[in-house]
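Data first, discussion second: the structure below is written as structure tokens.
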Amino acid sequence: MQRTHTCGALRVSDAGRKAVLMGWVNRRRDLGSLIFIDVRDRTGATQVVFDRERNPALHDKAEVLRNEYVVAAIGTVKKRDPNTVNKNIPTGEVELVADELRILNQAKQPPFLPSETVLPNEEMRLKYRYIDLRRDAMQFNIELRHKVAMAIRGYLSAKGFFEIETPFMTRSTPEGARDYLVPSRVQPGSFYALPQSPQLFKQILMISGFDKYFQIVRCFRDEDLRADRQPEFTQIDLEMSYPQPDRVYEVVEGFLTAAFKAAGFQIKTPFPRMTYDEAIRLYGSDKPDLRLPPMTDVRDTFAQENLSNLAVSASSPIVAICIPKVGELSRKERDDIKPLFSGRGNAKLFEDFKRLEKSFPETAAKIREKSGAQPEDLIVIVAADSKPATHPSEGGVKPEVKQHDHAVYTAAGLLRVALAQRYAAQHGAFVRRDFRFLWVTDFPMFEWDEQGKRWAAAHHPFTSPHERDMDKLQSDPASVRALAYDVVLNGTELGSGSIRIHRQDIQRTIFHALGMTEEEAHTRFGFFLEALEYGTPPHGGIALGLDRIVMILAGAESLREVIPFPKTARAVDLMVDAPTPVSEAQLKELGIQVKKN
RNA sequence: GGGGACGUAGUUCAGUUGGUUAGAACGCUGCCCUGUCACGGCAGAGGCCGCGGGUUCGAGUCCCGUCGUCCCCGCCA
């Protein structure tokens, strides 16, 4: 027997036709001599009627149906009487009057039902993922993911990009995140690593002449998880030869337009751009959320004596955060927002603007004016304590003052986001369908690694510095800007890329600046340094998180809602119960001994 | 590694100051019901209160430990 229609397909125009539906019993309404069954598949549900008067034997058969049985219903499509139409579903104007019923499979009572309105807890959903995935919302998200991926593939392919696969079993490069390791049986004691990204392979594809590459590819990072971080995740990875950053922006804006269109949204291009320094000063973050107003430096509105009264540093920024339409806060609410502020460096919070207005009316008025705050907006001030902070680092090479500024800005930026989340209902700026994209450019090349007491690559060590900063690589690493860029959406980093180093001598200089000896560079990246010597075209690219894009499009709070088989916060797959110990024999074959305690 | 929230019926939850027989809704089982669509009505079954220990005459409730899930910080080039 052949299915003639899916469960979401039948309409009034089909009335009178014979139809065969197959699917799950979504709900059963047994009225005695009349039984209604909603038969569900991924396209929807259709009501099937069993009438005792019409066919007693068939009616008896339908009596045994239970939730989640898989059935085939054969019958005639009937236009419903006007008073029995269900306006809530697309198939609600028709029903299938059954002539025959086949029970294709019975079902045990499931731990929860896909049709249930209240969700079971996540542990349950992950253990019985196949049932959870039957839910409308999950079916929608997975379909959305498919459409988005296809739109991106189609766009990039049309623009001349080849989708090229790169190895999953590759070489461990102990930079950045921890690797997932795969032991080699043939060479006991040696390990492959799963890629954190196909970074070096895609660069080598440029050296190999493929010119434009992309891949929708799984990446693996053994770091602690978050709602927006899974140990394996999917990147839209691309690389091109001879690009300016603008060329990369165009491609990304192009495929994002296609992806959002596939999801039913129109977005505006080109995206606005902002340097890293601007982002930090205006938003206290390298991934600004543009849906709310930026912060304002109101340092110049304070008189010198005010600053000493408030014990505030005059040389550091004084930042006003404005959250629209929050209204006046009660004493208790003010106390409640204090814990949202984490005093980085010597940053301190003034959450009571009213009090400031009382003590310094002129200053307060100027702050209102400068920040453009409306009377009903919430204003809080973040400044630096005038007491010199005891800084953990020694040695005078680092730009200390700048770092203190940075601490004030980022402390304010974190508070801004936390306040925005808390008062989302008041300002209403977080309603869906408002997509504020942004390019953040000119990232610093290096970051000071406090633990390792050394400079580390802010992006990755293959990122090209700005031409104009080349001579500062040794003398003033902190001020070197990279040809790196992030694409940001509503405060989420969607992707990150750069123009790469294509000259072997510059690559060596960067490794050197990162404190790597010639020997270290050779053992870790020798193959790559060598490849650079055989005629490497200038190249650059970017990688975007597919999961995050789909998450935002789905309006979901967690990546787990858009990944069919995700892992828990402890990187466990509850359905298959992985990871597990393995047998002694397996370990022996790999030459691995597990330390017991 | 650190901080926080949660864990009670198949599921979602309630459970007072530590007190006698641990409740509700949905689901499940049986019966009734010819126009329901989150059908309705009646009856019923269903509990290692995550696990281990302690305090107490008495623990779902208090304490300690442990396991699990979620969120955050660190971490994620």
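These numbers come from the heavy atoms of this one structure, side chains and all, not from hydrogens, waters or symmetry mates. Owing to the predicted nature of the structure, the values given are computational and were not obtained by experimental measurement. Convention: sequence-line order gives letters A, B, ...; per-chain numbering from 1.
Base contact: A:Ser197 has a heavy atom under 4.0 Å from a base atom. Within the nucleic acid shown, A:Glu122 comes within 4.0 Å of sugar-phosphate atoms alone, with no base atom in reach, counting heavy atoms only. A:Ile89 comes within 4.0 angstrom of no nucleic acid atom, judged by non-hydrogen atoms across all strands. Residue contacts for A:Ser33: at a heavy-atom cut-off of 4.0 Å it reaches a base atom on one of the strands shown. Across all strands, A:Arg560 comes closer than 4.0 Å only to sugar-phosphate atoms, never to a base (heavy-atom distances). As judged by a 4.0 angstrom heavy-atom cut-off over every strand, A:Lys78 is placed among the base-contacting residues. A:Ala456 comes within 4.0 angstrom of no nucleic acid atom, judged by non-hydrogen atoms across all strands. A:Glu95 comes within 4.0 angstrom of a nucleotide base, judged by non-hydrogen atoms across all strands. Among the atoms of the strands shown, only primed sugar atoms or phosphate atoms (P, OP1, OP2) are found under 4.0 Å from some heavy atom of A:Glu116. Residue-level contact check: A:Val48 touches neither bases nor backbone, having no heavy atom under 4.0 Å from any strand. Counting non-hydrogen atoms under 4.0 angstrom, A:Arg80 reaches a base of the nucleic acid.
Side chain A:Arg29 to base B:U34: no donor-acceptor pair is found below 3.5 Å. Taking only distance into account, the side chain of A:Arg226 meets the base of B:G74 through a donor-acceptor pair shorter than 3.5 Å. Judged by distance alone with a 3.5 Å cut-off, no donor-acceptor contact links the side chain of A:Glu123 to the base of B:G50. For A:Arg221 and B:C76, a side-chain-to-base donor-acceptor distance below 3.5 Å is absent, hydrogens and geometry of angles not being considered.
Atom CG of A:Asp30 and atom P of B:C37 are 14 Å apart (whole Å). Going from atom CZ of A:Arg28 over to atom P of B:U29 covers 6 Å, rounded to whole Å. One atom, CG of A:Asn26, and another, C1' of B:C39, lie 15 Å apart when rounded to the nearest Å. If you measure from atom CG of A:Asn121 to atom P of B:C71, you get 13 Å, rounded to the nearest angstrom. Atom CG in A:Asn67 sits about 16 Å away from atom P in B:C37, given to the nearest Å. Between the CG atom of A:Asn83 and the C1' atom of B:U36 there is a distance of 11 Å, given to the nearest Å. Separating the CG atom of A:Asp179 from the C1' atom of B:C76 is a distance of 12 Å, rounded to the nearest angstrom. Distance A:Arg178 CZ to B:G74 P: 15 Å, rounded to the nearest Å.
Across B:G53 and B:U21, the matching P atoms stand 23 Å from one another, rounded to whole Å. Atom C1' of B:A45 sits at a distance of 24 Å from the matching atom of B:G50, rounded to the whole Å. Taking atom C1' in both B:A14 and B:A24, one finds a spacing of 7 Å when rounded to whole Å. Taking atom P on both nucleotides, B:C75 is separated from B:G2 by 16 Å, rounded to a whole Å. Comparing the C1' positions of B:U66 and B:G7 gives a spacing of 13 Å, expressed to the nearest Å. Only the P atoms considered, B:U16 is 22 Å distant from B:U11, to the nearest whole Å. Rounded to the nearest Å, the gap between the C1' atom of B:C62 and that of B:A43 is 41 Å. For B:U8 and B:C42, the P atoms lie 29 Å apart once the distance is rounded to whole Å.
For the pair A:Arg560 and A:Glu122, the salt-bridge criterion is met [side-chain N within less than 4.0 Å of a carboxylate O]. Ion pairing between a basic and an acidic side chain is recognised when a charged N comes within 4.0 Å of a carboxylate O; A:Arg11 and A:Asp14 show no such pairing. Between A:Arg80 and A:Glu93, no side-chain nitrogen of the basic residue sits less than 4.0 Å from a carboxylate oxygen of the acidic one, so the salt-bridge criterion is not met. A salt bridge links A:Glu232 with A:Lys567; the closest basic N to acidic carboxylate O contact falls under 4.0 Å. Using a 4.0 Å cut-off between charged nitrogen and carboxylate oxygen, A:Glu493 and A:Lys287 do not count as a salt-bridge pair. Electrostatic pairing of A:Arg40 and A:Asp136 does not count as a salt bridge here, judged by no charged N lying under 4.0 Å from a carboxylate O.
Between A:Phe112 and B:U11, no base-stacking contact is recorded for ring centres under 5.5 Å apart and planes less than 30° from parallel.
Within the 6.0 Å centre-distance limit, the rings of A:Phe168 and A:Phe220 are counted as a close aromatic pair. When ring centroids are compared, A:Phe528 and A:Phe462 come within the 6.0 Å threshold.
Checking the phosphate oxygens (OP1, OP2) of B:U69, a side-chain nitrogen or oxygen of A:Thr568 falls inside 4.0 Å.
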| message | Taking Watson-Crick (N1-N3 plus N6-O4 or O6-N4) and G-U wobble (N1-O2, O6-N3), each under 3.5 Å, can you produce the dot-bracket string of RNA chain B? Use [ ] for crossing pairs and | for inter-strand ones. | response | (((((((..((((.....[...)))).(((((.......))))).....(((((..]....))))))))))))....

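Environment of CZ in A:Arg135: crowded, with over 12 heavy atoms of neighbouring residues, nucleotides or ligands closer than 6.0 Å. Around NZ of A:Lys338, the count of heavy atoms belonging to other residues, nucleotides or ligands within 6.0 Å exceeds 12.
The side chain of A:Leu34 sits closest to B:G35 out of B:G10, B:G35, B:U29. Which of B:A38, B:U12, B:C76 sits closest to the side chain of A:Asn86 comes down to B:A38. Checked against B:C70, B:G30, B:C72, the side chain of A:Ala227 finds its nearest nucleotide in B:C72. Closest contact between the side chain of A:Glu223 and the listed nucleotides B:U36, B:C75, B:C70 involves B:C75.
Heavy-atom distances to RNA chain B give each of A:Gln109 and A:Pro120 a nearest nucleotide, and the one nearer the 5′ end belongs to A:Pro120. The residue among A:Phe462 and A:Asp224 whose nearest nucleotide of RNA chain B lies closer to the 5′ end is A:Asp224.
With contacts defined as side-chain heavy-atom distances shorter than 4.5 Å, the pair A:Thr492/A:Arg548 qualifies.
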